[in-house]
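Scroll down for the structure; my scribbles are underneath it.
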Amino acid sequence: MIALVDCNNFYVSCERAFNPKLEGKPVGILSNNDGCIIARSEEIKKLGVAMGTPYFKIPDLIKQHNIQILSSNYALYADMSRRVMQVLSRFTPTMEIYSIDESFLDLSGFAQDLTAYGSTIAKTIKQGTGIPVSIGIAPTKTLAKLANKLAKKGIAGHRQVLDWNTLTDTNAVLQHFPVKDVWGISSGWGSRLAKLGIANTYDLKQTDPKWIRQHFGVVLERIVRELNGTPCIPMEMIAPARKQTLTSRSFGERLTQLLDLRAAVSVFASRSAEKLRTQNLCALSICVFIHTSPFDSSKPAYSNAVTIRFDQPSQDTGWLIHCALSGLARIFKPGYHYQRAGVLLPDLVPSGTQQLSLFSDEPEMDAKHGQLMSMIDNINRIHGRHTIRYASENLSAKWRMRQNMKSPAYTTSWAALPAVNVI
DNA sequence: TCTGGGGTCCTAGGACCC
DNA sequence: TCTGGGGTCCTAGGACCC
């Protein structure tokens, strides 16, 4: 049996844990650059605010219902996630951290009442972190995800925790479950299936897996088999190494000057190199892209990207910035209002196993660069993220994103520790 | 004025090998 | 008249996830 533990409205719950005044009120958390609403409390969902609604489109609704809006605070969410996962890991030896707010727990061989065990887990998480969770328990991951959704809504007297095996008529439940809400199926496949007469999840469960494979591929076939109780998606206890990494941002204001873009792309390349070093990876190539706003039809549109291959794998900030900037120079065209840029490292390999270039500089130079990078990383870890950086990162700050309503870094900065008033 | 930022897997087709 | 049988690697595009 597999349990899926999912935090309720995770970002909102993190904010509420340190700001109880948000309790009971409609709350929305914004994406980077204060663009869209990407996390919602139950109260704001009831007001009809959809996932991904652009913030600037609903000023009246916000005023009318006193909706609380916050910029996203990823330092806080990442730290709260770490705490939740730490508590969760006490309850099983085999756990897969699936996302910032979800984990699969393998409960095979647990003899006791799994609903009661789930309730204990939920209570402990809430007490230890302040975060409310819902738990679905079932024989496969797909059914555990499904049971989790039902537990969130609450069906047939089950709320917060639902053990699939305790339901008396699962087929009746599946008949009322929309296909597009099944894990791994979205509206694209959902509407294709509907056209073929597969209207609900019970219909999908009854469909011949071989027929599904012919018409949709092996991914959907696995889902059908999982709905029938046959595990096809294994637990991944050890996170596999990243295959690519992307650093990109929308700008706080549109940029027209190459200088401003150079600063942004330098920061993205530098951040990418840091990610490589913390994960012990090297990049074989770098891709730089820039584009104008896809929504603004009043100005000329332009987008372009360029990929540069390396002679040998690298995780060196100076080299990545150098290549990123030379790529940028090749695709930059004056006269456009740029909205976003990014640095993509699409081919990653483990560091330490690199094939060296036949025409490489002295190997001693590579070693020196490596020492320089660990020195910089150490200083920045002790004294704060951007204590030492490359000069080109400082060319301009015009591109920096908007974050006008961000809460303090309650748990990761001494300066932002919450104060408690004892009366 | 204003619209996020990351990822993965699968498949088909082209180019090549013996 | 008639033209094999087995592979690999790479890329682009499409589908999905949080």
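Quick note on labels: first sequence line is chain A, next is B, and so on, each numbered from 1.
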A/Val218 has its side chain closest, among C/dC18, B/dC2, B/dT11, to B/dT11
**Asked** Between A/Trp183 and A/Phe177, is the ring centre distance below 6.0 Å?
**Response** no
Among the nucleotides B/dG4, B/dT8, B/dT11, whichever has the atom closest to the side chain of A/Tyr74 is B/dG4
**Asked** Considering residues, nucleotides and ligands other than A/Tyr77, do more than 12 of their heavy atoms fall under 6.0 Å from its OH?
**Response** yes
(request) Using a heavy-atom cut-off of under 4.0 Å over every strand shown, decide if A/Asn33 touches base, sugar-phosphate, or nothing. (result) nothing
| field | Touch class at under 4.0 angstrom, heavy-atom based, for A/Thr245 against every strand present | value | sugar-phosphate
Rounded to whole Å, CG of A/Asp296 lies from P of B/dT3 at a distance of 9 Å
| message | Counting the atoms with a prime plus P, OP1 and OP2 as sugar-phosphate, which does A/Glu253 contact under 4.0 Å by heavy atoms, base, sugar-phosphate, or nothing? | response | nothing
Rounded to whole Å, the CZ-C1' distance (A/Phe104 to C/dC18) equals 12 Å
- Describe, in one word, how the ring planes of A/Phe289 and A/His291 are oriented to each other, choosing from parallel (under 30°), tilted (30 to 60°) and perpendicular (over 60°). parallel
| said: Quick check on B/dT3: is either OP1 or OP2 less than 4.0 Å from any side-chain nitrogen or oxygen of A/Arg254? | reply: yes
A/Tyr55 near the nucleic acid: base, sugar-phosphate alone, or nothing, with a heavy-atom cut-off under 4.0 Å? nothing
Testing B/dG4, B/dC2, B/dG5 for proximity to the side chain of A/Arg402, the answer is B/dC2
Whole-Å distance, A/Asn8 CG to C/dC18 C1', equals 16 Å
Answer yes or no: does a side-chain N or O of A/Ser99 lie under 4.0 Å from OP1 or OP2 of C/dC17?
no
From CH2 of A/Trp189 across to C1' of B/dC10 the rounded distance in Å is 9 Å
Residues A/Lys25 and A/Lys21: closest non-hydrogen pair is NZ-O, 3.2 Å
On DNA chain B, more 5' by nearest nucleotide between A/Phe216 and A/Gln244 is A/Gln244
Taking only side-chain N and O atoms of A/Thr247, does any of them lie within less than 4.0 angstrom of OP1 or OP2 on B/dG6?
no
**Prompt:** At under 4.0 Å between heavy atoms, what does A/Ile185 touch on the DNA or RNA strands: base, sugar-phosphate, or nothing?
**Reply:** sugar-phosphate
- Message: Between C/dC17 and B/dG4, how many Å separate the two C1' atoms, rounded to a whole number?
- Response: 15 Å
Contact under 4.0 Å: A/Lys243 side-chain N or O vs B/dC9 OP1/OP2
yes
Report which part of the nucleic acid A/Lys145 touches: base, sugar-phosphate, or nothing (heavy-atom distance under 4.0 Å, all strands).
sugar-phosphate
Separation of B/dG5 atom P from A/Arg242 atom CZ, nearest Å, is 17 Å
Assign each of A/Gly217 and A/Gly35 the nucleotide of DNA chain B bearing its closest heavy atom; nearer the 5' end lies the nucleotide of A/Gly35
Whole-Å distance, A/Gln403 CD to B/dG5 P, equals 11 Å
Atom CZ of A/Arg213 and atom C1' of B/dC9 are separated, to the nearest Å, by 14 Å
Closest of B/dT3, C/dC17, B/dG6 to the A/Phe56 side chain is B/dT3
- Query: Does atom CD of A/Gln257 have more than 12 heavy-atom neighbours, drawn from other residues, nucleotides or ligands, at distances under 6.0 Å?
  - Reply: no
Relative to each other, are the rings of A/Phe216 and A/Trp189 parallel, tilted or perpendicular (30° and 60° limits)?
perpendicular
Any side-chain N or O of A/Ser250 less than 4.0 Å from the OP1 or OP2 oxygen of B/dG5?
yes
I want to know whether A/Phe110 and A/Tyr117 have ring centres closer than 6.0 Å. yes
- Message: Base, sugar-phosphate or nothing for A/Arg192? Non-hydrogen atoms, less than 4.0 Å.
- Response: nothing
*Looking at every strand, decide which applies to A/Asp101 at a 4.0 Å heavy-atom threshold: base, sugar-phosphate, or nothing.*
sugar-phosphate
Rounded to whole Å, CG of A/Leu344 lies from C1' of B/dG7 at a distance of 11 Å
Under 4.0 Å, counting only non-hydrogen atoms across every strand here, what does A/Arg309 touch: a base, just sugar-phosphate, or nothing? sugar-phosphate
